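Keep in mind that what you see is a predicted model, and the values were worked out from it rather than measured.
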There are 2 protein chains.
Amino acid sequence: MEADKSLVSGSMALLVLKLLEDGDKYGYQMTSELKARSEDVFHLKAGTLYPLLHTLEEKGLVTAYEREAAAGKPRRYYHLTKEGQAVLREKEAAWHTYADAVGRVLRGGACSAGT
Amino acid sequence: MEADKSLVSGSMALLVLKLLEDGDKYGYQMTSELKARSEDVFHLKAGTLYPLLHTLEEKGLVTAYEREAAAGKPRRYYHLTKEGQAVLREKEAAWHTYADAVGRVLRGGACSAGT
DNA sequence: AGTGATATATCGAATGCCTATATAAAAGGA
DNA sequence: TCCTTTTATATAGGCATTCGATATATCACT
């Protein structure tokens, strides 16, 4: 199943940062892992990912380095910086706040009389 | 606490539709209820809400009617149509799919320590 | 008379993501 | 050999969503 594209945005940075917490990764790897870990919900496109990675690099949240692959083009690996880790924690907290609030609204139909 | 604005978008339609499941409501009331029910996480602005309501009306998801208030300007009430209810259920399902997927990624994905 | 809350409405700007496109190398089939 | 798919990175253009600023109008309180 695929997520409604209009439902959420701005969370890709959070997810990419989270992937890098696991260890350094290159772009193409992130798209595959995100697809696998989300069970086919997230289809992070190249046209979304690479500009996002460049932005994260400009902000100092990740650093990049190239490494030759056994075959094919050299891969550009990304590494999560300390700043990136801090931002990741902020974004995780913000996500939980937001998701909990949506949950309250979606479940809270009956309690409208209260307070 | 306030949700990171860049974190999510496109969910306002879902939340507004959900509010109307409870019963007919007018715009200003929706902003207050959403703020209360989300415990101050959602600050739905007038500049967001009214264009959104007009769009929902064009799509046939809600209908509108005016009713005089005891005092002040006449209020424009919105009613959830059957189509609106159907779309609401779709959007609720999409939200759960999305939120669950984010949860999976944030908890360490598929290949970490078991469940 | 002035301020703030109630109540609806529109416009311009910013942001975020996607589609389409381009480049390049290796693997596999016809 | 040629062609398509997969791997791999990258940019430009465009659409959708939301907010801030602004406008109008009535009522309550001072």
Side-chain angles (χ1 to χ4, degrees), chain A residues 2-17 24-36 38 41-59 62 64-78 91 94-95 98 102, chain B residues 2-17 24-36 38 41-59 62 64-78 91 94-95 98 102:
Chain A
E2 196 174 344
D4 185 344
K5 282 163 197 159
S6 73
L7 200 64
V8 180
S9 63
S11 47
M12 282 305 163
L14 161 63
L15 299 174
V16 165
L17 255 22
D24 296 3
K25 292 185 170 70
Y26 57 96
Y28 193 85
Q29 183 183 9
M30 295 183 217
T31 63
S32 325
E33 283 200 13
L34 196 53
K35 195 177 171 187
S38 72
V41 174
F42 299 123
H43 298 172
L44 178 56
K45 303 307 169 78
T48 302
L49 176 63
Y50 292 108
L52 173 59
L53 287 171
H54 301 332
T55 304
L56 294 176
E57 196 179 359
E58 276 171 36
K59 290 180 181 167
V62 303
Y65 58 94
E66 290 208 0
R67 186 184 292 173
E68 299 293 328
K73 298 181 74 172
R75 291 164 175 170
R76 190 165 181 80
Y77 282 82
Y78 290 87
K91 282 184 179 289
W95 164 258
Y98 184 92
V102 172
Chain B
E2 195 175 346
D4 185 346
K5 281 161 195 158
S6 74
L7 202 63
V8 181
S9 65
S11 48
M12 282 305 162
L14 161 63
L15 298 174
V16 165
L17 254 22
D24 296 4
K25 294 185 169 70
Y26 57 96
Y28 193 86
Q29 182 183 9
M30 294 184 218
T31 63
S32 324
E33 284 200 12
L34 196 53
K35 194 178 171 187
S38 73
V41 174
F42 299 123
H43 297 172
L44 178 56
K45 304 305 170 82
T48 303
L49 176 63
Y50 293 107
L52 172 59
L53 287 171
H54 301 331
T55 304
L56 294 176
E57 196 178 359
E58 276 172 36
K59 290 180 181 168
V62 304
Y65 58 95
E66 290 208 358
R67 187 184 293 175
E68 299 292 328
K73 297 182 77 172
R75 291 163 176 170
R76 190 164 181 80
Y77 283 83
Y78 289 87
K91 281 183 180 289
W95 164 257
Y98 184 91
V102 172

Separation of A:Leu34 atom CG from C:dC18 atom P, in whole Å? 11 Å

A side-chain contact here means heavy atoms from C-beta on lying under 4.5 Å apart; do A:Tyr65 and A:Asp24 qualify? yes

Tabulate atom names and distances for all N/O pairs under 3.5 angstrom spanning the protein and nucleotides 5-9 of chain C.
from	atom 1	to	atom 2	distance (Å)
C:dT6	OP2	B:Tyr28	OH	2.5
C:dT6	O5'	B:Tyr28	OH	3.4
C:dA7	OP1	B:Arg75	NE	2.7
C:dA7	OP1	B:Arg75	NH2	2.2
C:dA7	OP2	B:Tyr26	OH	3.0
C:dT8	OP1	B:Arg76	N	3.0
C:dT8	OP2	B:Gly27	N	3.2
C:dT8	OP2	B:Tyr28	N	2.6
C:dT8	OP2	B:Tyr50	OH	2.8
C:dT8	O5'	B:Tyr50	OH	3.4

With the side chain counted from C-beta on, respond yes when A:Met30 and A:Leu53 share a heavy-atom pair under 4.5 Å apart, and no when they do not. yes

Please verify the inter-ring angle class for A:Tyr26 with A:Tyr77; under 30° counts as parallel, over 60° as perpendicular, anything in between as tilted. perpendicular

Distance check needed: C:dT15 P versus B:Met12 CE, whole Å only. 18 Å

Does the side chain of B:Val102 come within less than 4.5 Å of A:Phe42's, by heavy atoms? yes

For B:Glu68 and D:dC27, give me the distance from atom CD to atom C1', rounded to whole Å. 14 Å

How close or far is atom P of C:dC18 from atom CG of A:Leu52, stated in whole angstroms? 10 Å

How many Å lie between CG on B:Leu44 and P on D:dC19, as a whole number? 7 Å

Rounded to whole Å, how long is the line connecting atom CE of A:Met30 with atom C1' of D:dT7? 15 Å

Under 4.0 Å between a side-chain N/O of B:Lys45 and OP1 or OP2 of D:dG20, yes or no? yes

Under a 4.5 Å cut-off applied to non-hydrogen side-chain atoms, are A:Arg75 and A:Tyr28 in contact? no

So B:Val62 and B:Val16, do their side chains get closer than 4.5 Å, heavy atoms only? no

To the nearest angstrom, the NE2-P distance between A:His43 and C:dA20 comes to 16 Å

For A:Lys59 and C:dG16, give me the distance from atom NZ to atom C1', rounded to whole Å. 11 Å

